[in-house]
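Right, one structure below, let's go through it.
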Number of protein chains: 2
Amino acid sequence: MKPERKSGEESGSTRDAILDATEAIMVEEGYSAVTSRRVAERAGLKSQLVHYYFRTMDELFVTAYERSEKEFLQRHLQAVSSQNPIRALWDLAIHPKRTRLSQELIALSHHRKSMRSITARVLEQTHAINTAFIGKYLQEAGVDPDEFPPVVVSHIINGLSRGLINEEAVGVSQGHSELRAFAECWISKLEAAHGQAHASGDKAEIDAPASA
Amino acid sequence: MKPERKSGEESGSTRDAILDATEAIMVEEGYSAVTSRRVAERAGLKSQLVHYYFRTMDELFVTAYERSEKEFLQRHLQAVSSQNPIRALWDLAIHPKRTRLSQELIALSHHRKSMRSITARVLEQTHAINTAFIGKYLQEAGVDPDEFPPVVVSHIINGLSRGLINEEAVGVSQGHSELRAFAECWISKLEAAHGQAHASGDKAEIDAPASA
DNA sequence: GTCTATAGGCCGATAGAC
DNA sequence: GTCTATCGGCCTATAGAC
């Protein structure tokens with residue numbers, strides 16, 4: 001029934017080519033441009049082969065999503081485990097292709113029920129990881145978790161980068177230097193505060209907004 | 001050629017019904033579900049009528065976008081001119097239908113060239129307005145515009161609300177209370193600082209992150 | 001595993017009656 | 001302005017030869 005890799009599983013180059021083409025089309029033209037014919041054309045194949053490897057388009061989308069999910073998770077864990085997780089997350093988030101793809105997958109899940117549970121899982125995972133790792137980092141840098149909860153920081157990073165990338169995609173660059181400068185400012189301040197705290201064995205301080 | 005309202009222009013209810021149906025389908029099922037047949041069905045019409053009012057689907061999309069643009073702009077100006085523009089913008093941004101529609105229109109503009117210039121215009125307008133109005137408000141509240149540029153604040157508002165609404169759409173609610181609390185905290189602090197500054201005729205203070 | 005052939009559906013768009 | 005009828009196209013998916 002299913003393709004089912006042979007025993008000596010060299011990860012099916014045709015199958016991978018189909019998934020690669022799917023991702024590329026999503027990023028460049030949006031999810032609605034992903035059709036069996038166009039995917040095949042992009043991969044240099046006949047459209048029927050797409051149906052051989054993936055019985056339905058739904059199965060193709062789900063498989064592509066799950067492959068991306070793995071990659072996202074891996075990079076996310078890597079970023080969050082690095083010396084400055086905030087900077088690493090920011091660098092990851094402003095990567096245009098990755099962010100476009102993730103946006104497109106979310107948009108697709110508004111259109112196809114089969115994708116929603118994956119999106120939900122991805123978003124939940126992200127929160128769980130960020131709460132653990134960013135939370136620890138922020139705490140060590142002396143940030144009050146009641147005023148800047150890790151999940152908020154995570155949302156800000158994702159939100160700002162998404163905005164940046166959407167605008168660049170339509171040729172708007174207004175305010176981008178301010179945005180990048182803002183990110184850089186906070187990141188390096190956190191970096192300094194965190195380093196200082198580690199050096200002195202004490203908490204550094206980052207001021208919250210004054211209670212007016 | 002074109003529909004061309006008669007002299008006594010009662011704003012073509014059929015035409016409006018088509019545009020309304022277009023928006024509704026976009027919000028509920030995504031832009032790729034917008035077809036002449038489905039729009040017509042939703043509006044209780046024959047699909048050919050869609051082509052009578054809008055020669056091509058591109059024309060339908062552009063017209064729908066421009067109608068939304070007007071509405072967005074109007075609400076945006078209204079929000080930004082209110083007593084607490086930040087709060088008003090936040091309240092506007094967390095409105096699910098509106099934000100879903102605007103996201104869908106942006107996604108559509110990644111797929112259709114004809115929409116890109118409209119998206120660019122909308123985003124530029126938003127920046128221009130926010131720089132003027134939010135900038136003034138923040139300045140009056142004693143916020144250093146070098147550390148929190150209005151355009152950054154605007155991006156944060158949009159980014160956070162988009163994240164919130166995407167997650168709610170797939171059934172994730174993790175961290176939402178923190179997010180809303182975070183927004184509420186900052187909004188009310190700005191409100192207090194702004195009110196205080198106006199009362200005393202002086203600048204209130206909102207601390208920026210400490211230079212570590 | 002890859003090919004040819006093809007069924008059957010929804011789509012955009014047009015022509016022409018009323 | 002709204003209707004009926006219809007064309008050609010791209011789509012998903014399957015059947016069967018090799």
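Letters A, B, ... mirror the listed sequences (proteins, then strands); counts begin at 1. Note: hydrogens, waters and symmetry copies are ignored here, and every other heavy atom, side chains too, is used.
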Could I get a table of every N or O pair under 3.5 Å where one atom is in the protein and the other is in nucleotides 12-17 of chain C?
unit_1, atom_1, unit_2, atom_2, d
C:dG12, OP2, B:Ser36, N, 2.8
C:dG12, OP2, B:Ser36, OG, 2.5
C:dG12, N7, B:Arg37, NH1, 3.1
C:dA13, OP2, B:Met57, N, 3.0
C:dA13, N7, B:His51, NE2, 3.4

Ion pair check, [X] and [Y], cut-off under 4.0 Å:
| X | Y | value |
| --- | --- | --- |
| B:Arg37 | B:Glu41 | no |
| A:Asp20 | A:Arg67 | yes |
| B:Arg100 | B:Glu104 | yes |
| B:Lys97 | B:Glu168 | no |

Review point. Among side-chain atoms of B:Tyr65 and B:Thr119, is any donor-acceptor pair under 3.5 angstrom?
Key: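 Result is yes, a qualifying pair exists.
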Can you tell me how far [atom2] of [N] sits from [atom1] of [X], to the nearest Å?
| X | N | atom1 | atom2 | value |
| --- | --- | --- | --- | --- |
| A:Ile18 | C:dG1 | CD1 | P | 11 Å |
| B:Ile25 | C:dC11 | CD1 | P | 10 Å |
| A:Leu49 | D:dC18 | CG | C1' | 14 Å |

Exercise for review: Could you list the residues that satisfy side chain to side chain contact (heavy atoms under 4.5 Å, CB included) with B:Glu69, not counting sequence neighbours?
Suggested key: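 Residues passing side chain to side chain contact (heavy atoms under 4.5 Å, CB included) with B:Glu69: B:Glu66, B:Ile118, B:Arg121, B:Val122, B:Gln125.
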Check your understanding: Is the shortest side-chain N/O distance from B:Arg38 to OP1 or OP2 of C:dC11 below 4.0 Å?
Key ->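 It does, given that an N or O in the side chain of B:Arg38 lies less than 4.0 Å from OP1 or OP2 of C:dC11.
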